[in-house]
Amino acid sequence: MEISKIYEPKKVEDRIYNLWLKSGFFNPDKLPIKKKVFSIIMPPANANGSLHLGHAVFVALQDIMIRYHRMKGDKTLWLPGADHAGFETQVVYEKKLEKEGRNRFQIPREQLWKEMWDFTQANKTIMENQLRQLGASCDWSRKKFTLDPDIISKTQDTFIQMRKQGLVYRGERLVNWCAKHQTAFSDLEIKYEERNDPLYYIKYGPIILATGRLETKFGDTAIAVHPKDKRYQKYINKEVEIETLIGKTKIKIIADEAVDPDFGTGAVKVTPAHDPTDFEIWQRHKNEIPGPIEVIDKFGRLNLLEHFPNNTEAKKYHGLKIVEARKIIAEEMEKKGLMAKIDQNYKHNVGLCYKCGNVLEPRLLPQWFIKIKPLADKAIEVVKKEKIKFIPSRFNKIYFHWMKNIHDWNISRQIVWGIQIPAWFCECGEIIIQKEKPEKCAKCSGNKIEQDTDVFDTWFSSCQWPFLALGFNKSQSSSKSKITDYETYYPTNVMETGYDILFFWVARMIMLGLYKTKKIPFKTVYLHGLVNDKDKKKMSKSKGNVIDPFGIIADYGADALRMGLIIGNTPGNDLAFSEDKIRGYRNFANKIWNASRFVLMNTKKFNPKSQPKLSNKDKKTLNDLKTFTKEITKLMEDFKFYKAAEKIYHYFWHTFCDKIIEEQKKRLSDSNKANQQNSQYLLLKILKTCLMLLHPFMPFITEEVYQNLPIKNKKKCLMNENWPKY
RNA sequence: GGGCACUUGGCGCAGUGGUAGCGCGCUUCACUGACAUUGAAGAGGUCAGAGGUUCAAAUCCUCUAGUGCCCACCA
């Protein structure tokens, strides 16, 4: 052990990580099969950038659990992986293209795919290296990527299976469309924001109705009122003539429960092509009113000429963007005396693209949906019966609420980067669901067949991750001699991730896991909070308050970073990151270093074979240590890592260093050799126990010190030591 | 419009019925050989407010205020 007075992580961390790698014990195959298995599937990080502090938190938490269980003697697997992260990566890559003056819509699909493949592969390498820097003791021999051929194939299998069982349907429904990114989303990906927009009271014949969306008026197919609204009884089921700006037309007044009599005048226009509520109203009145008239195109511009080709007035509005169209239409209607009034204090929520913040346009598009209700019911059940437990438990309620009100899941995305949907369209209109291109259409015998260009929502593959990453294969389950990883490690013990993806990921993993394997995918869900800056503000590039964990590691060491991210970090609650805190744990690492240095310097002549004769006080000290060990073990079992880490910190510094070592100083220089020996025994014993207890939290420094102890077992790593008994 | 959480010394957080704790920061002193990334001593809180339950409440219940977050198709 070097004699430096200061602990220098840079000189230690790489070397120690390589020592672990060489030992081979990250791979549980090397570990004897005992009664217990412990497994965690690492949440696959998005392969589109570097790891941030949020990743560092999950690495620290999971590595703590993994190292603890490995030391306890469990057959312990931590399986690392990376996610292609469909739309997320597409957005990152589009920004890169933009900087280069390119545009994804001008690049052929195959070329774009190839570029993005190389991009994500490069990021994967960086990320793996960063995981090592954080000390992640995961099994690299089992690492997986969500675009590995077997994962792609099995993901498509699931889709095909669900389709056969009627759990997947193709629906022409209103979906949330982003005009910038040219794709639809699921409900979860919408960000709502309160806006203050004008509410226009317009005259439709004898009726005055209120709308915020003037520009969709060309797609109106009816006026709706509440069936019991006294004001409009005489109009219900009658037609009225209205002035549309591009001519006159007749429009029917219908009664529907969905209309709130207190909104505006109690009468609303019905635009089935551009409003979800209106779409549903139309479905209930299909026989009475015309269907959807699409007047807004995929670029978010008015498209009138398609429906009103020879209308010269329509040309005035054709091609206008929504905002300007609204303005111009309002002016025009005022001119013509069709505007009753404008309420400028109208507050409402608008749905935005969670990436670019543009207003999402509901559009009528054929998309693949998962019928989610049957899956959700089963997923509710397993949590209710406590087969799956959330930490903290308050997420039960949140989970139940969402699951009970769940909507069908749109899994189609109009992007390149993802797993292509195994659906084929024949020109005759037939849809064929299979992975390979069909030779000919069974219906028309034609061979003009094209694959669906859409890809799956990335969450559709990642929600199957626990069993896919473990190589789940239905046909193999009644297998021959070899026990598969899936059989050994599934269901996994813990899913540790941020609470922000409870719905996106955790809930869906439970649903798909149950569907596909008939088993829960994991037993415990530990949900950590988000890492904010020291003022509790969310970190973001635009605010410039993002802290790079690897800069922190360079300055203070990985152990200090891990401690700073663990202590004070209770499940489900956000964490305020402060460099001062990390500095404190850097100091602690230094304290460990120097206390160890002291013990090692004073135990050079220690004879491990000699039997110590302990005084009563020694016995009490060691007994206290046992009690303490027991306490820590209990906290580890209870997932209270924040508390365990704090307690060990306190014991090491203020009991071991400040009291025990100080007391032993006289004894170490005692002329009585036996007394010296006893003292050395005591110090080594306590130091070694502390190193073991600390190892899950601060793996590097504890391993480095351990390697220099005169009482370690040969060829062993601390990583692979037995958790202390009590 | 619903729901969830938080409010404890300057800051960040523990603490779920029995005389207020931790880290950082602060004050004073100490650079004698493990460590100044240190040691010793210390200051600092009517536990957001009000009411209730109890022999006893930071801890349980009700209400109020402030903060943060999540969910929701009111045009």
Side-chain angles (χ1 to χ4, degrees), chain A residues 3-8 174 176 187-188 190-192 197 199-200 209-214 216 220 223-224 256 258-271 274-281 346 348-351 362 392 394-402 404-407 499-500 502-503 529-530 532 534-538 556-557 560 563-564 567-570 572-602 640 642-643 645-647 649-650 653-654 657-658 661-662 664-665 668-669 683:
Chain A
I3 32 161
S4 167
K5 281 169 125 183
I6 286 177
Y7 171 58
E8 292 169 276
L174 279 185
N176 310 287
D187 293 339
L188 269 181
I190 312 168
K191 197 176 77 182
Y192 287 97
D197 286 316
L199 183 65
Y200 304 96
L209 58 80
T211 180
R213 300 216 51 193
L214 268 189
T216 63
D220 293 348
I223 294 171
D256 195 283
V259 180
D260 176 2
D262 294 331
F263 178 82
T265 61
V268 296
K269 64 195 200 64
V270 179
T271 324
H274 297 289
D275 184 283
T277 312
D278 294 0
F279 183 78
E280 283 172 19
I281 291 178
Y346 169 56
H348 66 145
N349 285 327
V350 289
R394 65 182 150 92
F395 283 98
N396 282 3
K397 277 184 223 162
I398 299 171
Y399 174 82
F400 289 139
H401 181 260
W402 189 72
K404 281 175 188 159
N405 298 297
I406 200 165
H407 296 327
Y499 67 76
D500 54 326
L502 176 63
F503 304 141
L530 279 27
N532 295 323
K534 64 176 170 33
D535 301 316
K536 294 176 158 184
K537 292 272 172 343
K538 196 176 171 178
Y556 303 106
M563 283 294 267
I567 293 180
N569 186 359
T570 51
N573 296 322
D574 292 349
L575 178 71
F577 182 89
S578 90
E579 202 168 322
D580 282 348
K581 197 170 158 189
I582 306 298
R583 195 175 293 119
Y585 296 113
R586 187 268 319 259
N587 295 353
F588 179 53
N590 200 53
K591 190 73 184 177
I592 297 171
W593 185 255
N594 279 292
S596 304
R597 201 158 65 93
F598 177 80
V599 172
L600 290 175
M601 285 190 312
N602 286 284
K640 294 186 176 170
Y642 60 97
K643 180 116 278 189
E646 193 182 311
K647 287 228 172 208
Y649 171 94
H650 210 256
W653 201 316
H654 301 298
C657 295
D658 293 349
I661 289 184
E662 288 306 319
Q664 295 305 316
K665 277 180 180 172
L668 285 168
S669 53
L683 291 178

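Keep in mind the model is a prediction, meaning the values are calculated, not measured.
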[atom1]-based separation of [M] from [N] [nearest Å]:
N: B/C74; M: B/C24; atom1: P; result: 49 Å
N: B/G23; M: B/U19; atom1: C1'; result: 24 Å
N: B/A48; M: B/U32; atom1: P; result: 45 Å
N: B/C73; M: B/A5; atom1: P; result: 23 Å
N: B/G1; M: B/U64; atom1: P; result: 14 Å
N: B/C26; M: B/U46; atom1: P; result: 23 Å
N: B/C60; M: B/C4; atom1: P; result: 15 Å
N: B/C31; M: B/U37; atom1: C1'; result: 15 Å

Let's see if you can work this out: which of [options] has an atom nearest to the side-chain heavy atoms of [X]?
X: A/Trp402; options: B/C73, B/G12, B/C71; answer: B/C71
X: A/Glu280; options: B/C71, B/A14, B/C73; answer: B/C73
X: A/Glu646; options: B/C71, B/A14, B/C22; answer: B/C22
X: A/Leu188; options: B/C13, B/A75, B/C71; answer: B/C71

Which part of the nucleic acid, if any, lies within reach of [X] when heavy atoms closer than 4.0 Å are counted: base, sugar-phosphate only, or nothing?
X: A/Ala224; answer: nothing
X: A/Asp278; answer: nothing
X: A/Thr570; answer: sugar-phosphate
X: A/Ser578; answer: nothing
X: A/Val259; answer: base

Handout entry: ring pair (Phe, Tyr, Trp, His ring centres under 6.0 Å) involving A/Tyr649 - partner list, sequence neighbours excluded
Key =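 If we apply the ring pair (Phe, Tyr, Trp, His ring centres under 6.0 Å) test to A/Tyr649, skipping adjacent residues, the hits are A/Tyr585, A/Phe588, A/Trp653.
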Handout entry: Summary of salt bridge (charged side-chain N to carboxylate O under 4.0 Å, His left out) pairs that have at least one residue in residues 260-269 of chain A, sequence neighbours excluded
Key = A/Asp220-A/Lys269
Handout entry: Partner set under side chain to side chain contact (heavy atoms under 4.5 Å, CB included) for A/Glu280, not counting sequence neighbours
Key = A/Arg284
Problem - Per-nucleotide protein contact string for nucleotides 27-43 of chain B, where B marks a base within reach and S marks sugar-phosphate only (heavy atoms under 4.0 Å, - for neither) - result: -------BB-BSSS---
Practice task
Would you please confirm or rule out a distance under 4.0 Å between OP1 or OP2 of B/C74 and any side-chain N or O of A/Tyr346?
Solution key: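 It does not, given that no N or O in the side chain of A/Tyr346 lies less than 4.0 Å from OP1 or OP2 of B/C74.
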Problem - Phosphate OP1/OP2 of B/C24: any A/Tyr649 side-chain N/O under 4.0 Å - result: yes
Mind listing the N/O atom pairs, protein and nucleotides 4-8 of chain B, below 3.5 Å?
none

Exercise for the section: Return yes if some donor-acceptor pair links the side-chain N/O of A/Asp256 with the main-chain N/O of A/Ala258 below 3.5 Å, else return no. Expected result: yes
Handout entry: RNA chain B: stems of at least 3 consecutive Watson-Crick or G-U pairs whose donor-acceptor distances fall under 3.5 Å
Key =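 Output for stems: B:1-7 with B:65-71, B:10-13 with B:21-24, B:26-30 with B:38-42, B:48-52 with B:60-64.
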